[in-house]
Every structure is written in structure tokens, then in C-alpha cells.
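A short worksheet on the structure shown next.
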Amino acid sequence: REVFDGYLPDGGLLKWYEQHLADDFQAVFEGGKVKLDKQAYLAVTADLLKSFPDFTYTRSGPIAYADSPNIVVWTAVVKGRPTDRQI
């Protein structure tokens, strides 16, 4: 939850992900239409941070398990000021 409360952790978001996401991590978006494994998610995050270096998430509700001890769901407000750098 450290990274989902509106601030970047020490060392940055990408480093936090590298240290905390399981090797079999999978991010799922659009109701299952988009799936990213850990390496793809890290690559997308790195690219995103190039354009939004102060990118943060803020939970707008609780983080909850979705009928599984391994699946977590939550809703967030995402913020960041864009740079002029395009990815």
C-alpha cells in the first residue's frame, strides 16, 4: 500500500515495483482485455515515468481481495505533471 497513497516511495516507483512485485505478477486492465506480465508492466511504467516523472496513485477506496488470496482490486486517482518528453 506504500505506493498507493499519493506519494512516490524512496528510490522511486520503478524500484519499488522491482522489489515488491512477485515474479509471476500480472496486471490486468479493461476487464481482462489487457494483461501485462511483470517485465512488460515494468517497461510500461518506465516509459510512463519518462513523460510523468511525478506520477502517483491515490486510492479512492479500500484495497480488497477479489475472491482469491492472490488477486487484489482497487480504484485509484492517477496524477502527474507531463513533461515535454514523448515516449
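It should be emphasised that the depicted structure is a prediction, and the values quoted were computed from it without experimental measurement. Starting from 1, each residue takes its place in the sequence as its number.
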Between Pro53 and Lys50 the two heavy atoms that sit nearest each other are CD-O, 4.4 Å

Any Lys/Arg nitrogen of Asp24 or Lys38 sitting under 4.0 Å from an Asp/Glu carboxylate oxygen of the other? no

Co-membership, hydrophobic cluster, residues [X] and [Y], 4.5 Å side-chain:
| X | Y | result |
| --- | --- | --- |
| Val78 | Phe52 | yes |
| Phe25 | Val44 | yes |
| Val77 | Phe29 | no |

Does any N or O in the side chain of Asp54 come within less than 3.5 Å of the main-chain N or O of Gly80, such that one atom is a donor and the other an acceptor? no

Before giving the answer on side-chain contact (heavy atoms from CB on, under 4.5 Å), spell out for Leu36 and Gln26 the whole-Å C-alpha distance, their side-chain angles and the decisive distance to 0.1 Å. CA-CA 6 Å; Leu36 302 172; Gln26 186 177 59; over 6 Å; no

Rounded to the nearest 0.5 angstrom, the CD-CG distance for Gln39 and Asp23 is 8.5 Å

To the nearest 0.5 Å, atom OG1 of Thr45 lies from atom CZ of Phe55 at 7.5 Å

Would you please test Leu42 and Leu14 for side-chain contact (heavy atoms from CB on, under 4.5 Å) and show each step? CA-CA 7 Å; Leu42 291 174; Leu14 192 59; 3.8 Å; yes

So Val34 and Val28, do their side chains get closer than 4.5 Å, heavy atoms only? no

With the side chain counted from C-beta on, respond yes when Asp37 and Tyr41 share a heavy-atom pair under 4.5 Å apart, and no when they do not. no

